[in-house]
Amino acid sequence: MSNSPTKIELTQPDDWHLHIRDGEVMKDVLADTARQFARAIIMPNLKPPVTTVDLAKAYQSRIESNLKLLGVTEFTPLMTLYLTDNTSADEVRKAKDAGIAAFKLYPAGATTNSDAGVSDLKHCHAALEAMQAVGMPLLVHGEVTHADIDIFDREAVFIDTVLEPLRKKLPELKIVFEHITTKQAAHYVRDAVTGGKNTIAATITPQHLLMNRNAIFAGGIRPHNYCLPVLKREEHRVALLEAATSGNSRFFLGTDSAPHAKGAKEAACGCAGCYSTFNALGLYAEAFESVGKLDKLEGFASFFGPDFYSLPRNSKKITLAKQAQSIPMELPLGDATIVPLRAGETIAWSLV
Ligand code: DOR
Ligand code: ZN
């Protein structure tokens, strides 16, 4: 591939971290997702959260009904369960048998609908041991939530006080450090010693590859650039971009696209989350192109995720072209509207 191609063909990607919500809004979000991705890891932070296999199966069938309404036949939701202080080892084994893809750890209070999250990992030991035993991945929202920790330090403190001790205790547990935002996280995952086993990986969002924390305050408060973990300094963005484009299979695509209606974002206490799905692949292509690494996009977007989850790679191909796409100011979201990431701007790459 030349350094500045105008078209690239990729094996169809998957989104390894996605919020599609429930009810009315789900259909609009699924339409944007299924246009680009073959599969997605569906986050369980509904209200109430998806804490059991039965709840996940019911959620899955609501997703499937919406896919049917959309006429989508080639998209597979990969269901996850929300880990709580009370998750039992039995539920973990039941989840494995039922084809649940992973459990998600939200530290209590870390983000949207995380009140039922884990207060202390020591309450979950039996469940975590069972995950290790059956090969069930644990997806972590890697932030500590103590009020005395600066919001920009939450991820680094999580590595030292939660993640490293957990990996010492359960070295064979498969962990995905979700939506990493710092140099510390990128280097931790890159340098982790695993004895050749696939036990640690990380997802990276488009916004953390393309923006630093200035974007939240550019000329005034920019609620649509606010997500959790919050954008960090430029040096962190650079480290994430280096990790994503390095060809290291521990880093793969997870948009963390997290829709909130316009009114819930543009509010005195606005919700966290960027809606990046509308042209997510264009955003990733822009990031990879910025460092001349478009040739590394396919591994990140299409190969390393399924390899980590021990799922087959997709066989279908897609084409991205250097064809500017204007991003609308608003999109429909059920009865409301949503402001997509980069609304009113253009993205150089789009799906053909
Ligand atoms: O910004 C975020 N929004 N981060 C998360 O971890 C959750 C998500 C959401 O569900 O809105
Ligand atoms: Zn998320």
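This one's a predicted model, so the numbers in the text were calculated from it and none came from an experiment. Whatever order the structure lists ligands and atoms in, that order sets their numbers, starting from 1.
Between Lys316 and Glu74, at least one side-chain N (NZ, or NE/NH1/NH2) sits under 4.0 Å from a carboxylate O, which counts as a salt bridge. With respect to Lys232 and Glu155, no salt bridge is recorded, no charged nitrogen being found less than 4.0 Å from a carboxylate O.
Atoms of ligand 1 lying under 4.0 Å from at least one heavy atom of Cys227, given by number and element, are 1 (O). Taking every non-hydrogen atom of Asp256 and a distance limit under 4.0 Å, the qualifying atoms of ligand 1 come out as 4 (N). Counting the atoms of ligand 1 from 1 in the order shown, those under 4.0 Å from a heavy atom of Asn45 are 9 (C), 10 (O). Atoms of ligand 1 lying under 4.0 Å from any heavy atom of His141, numbered from 1 in the order shown and given with element: 6 (O).
Asn225 places no side-chain N or O within 3.5 Å of a backbone atom of Phe217 that could act as its donor or acceptor partner. A donor-acceptor pair under 3.5 Å is formed between the side chain of Ser61 and the backbone N or O of Ala58. Under the 3.5 Å distance criterion, the side-chain polar atoms of Thr80 are matched with a main-chain donor or acceptor of Ile42. Proximity of a side-chain donor or acceptor of His208 to a complementary backbone N or O of Pro229 within less than 3.5 Å is detected.
Counting only non-hydrogen atoms, the option in Ser257, Cys271, Ala272 that gets closest to atom 3 (N) of ligand 1 is Ala272.
Protein N/O/S atoms closer to the Zn ion (ligand 2) than 2.8 Å number 3 in this structure.
Only the side chain of His260 comes within 4.0 Å of ligand 1, judged by heavy-atom distances. Residue-level proximity to ligand 1 for Arg21 is carried by the side chain, the only part with a heavy atom below 4.0 angstrom. Of the heavy atoms in Ala258, only side-chain atoms (C-beta onward) come closer than 4.0 Å to ligand 1.
Residue-to-ligand polar distances keep Pro229 apart from ligand 1: every N/O pair is separated by 3.5 Å or more.
Ring geometry, Phe300 versus Phe288: the interplanar angle falls from 30° to 60°, so the pair is classed tilted.
Thr111 OG1, 3.1 Å is the protein heavy atom nearest to atom 5 (C) of ligand 1. The protein atom (non-hydrogen) at minimum distance from atom 1 (O) of ligand 1 is Leu228 N, 2.8 Å.
With rounding to the nearest 0.5 Å, the separation of CE in Met131 from CG in Leu105 is 8.5 Å.
The other members of the hydrophobic cluster of Leu139, by chain and number, are Trp16, Ile41, Met43, Leu78, Tyr82, Tyr106, Val176, Phe252, Phe303, Phe304, Phe308, Tyr309, Leu311 (side-chain heavy atoms under 4.5 Å, ILVMFWY only).
Remark: Arg35 is positioned above the aromatic ring of Phe278, its terminal NZ or CZ atom under 6.0 angstrom from the ring centre and at most 45 degrees off the axis.
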Step by step, would you call Gln325 with Ser350 a side-chain hydrogen bond (donor to acceptor under 3.5 Å, both in side chains)? CA-CA 6 Å; Gln325 181 180 30; Ser350 46; 4.8 Å; no
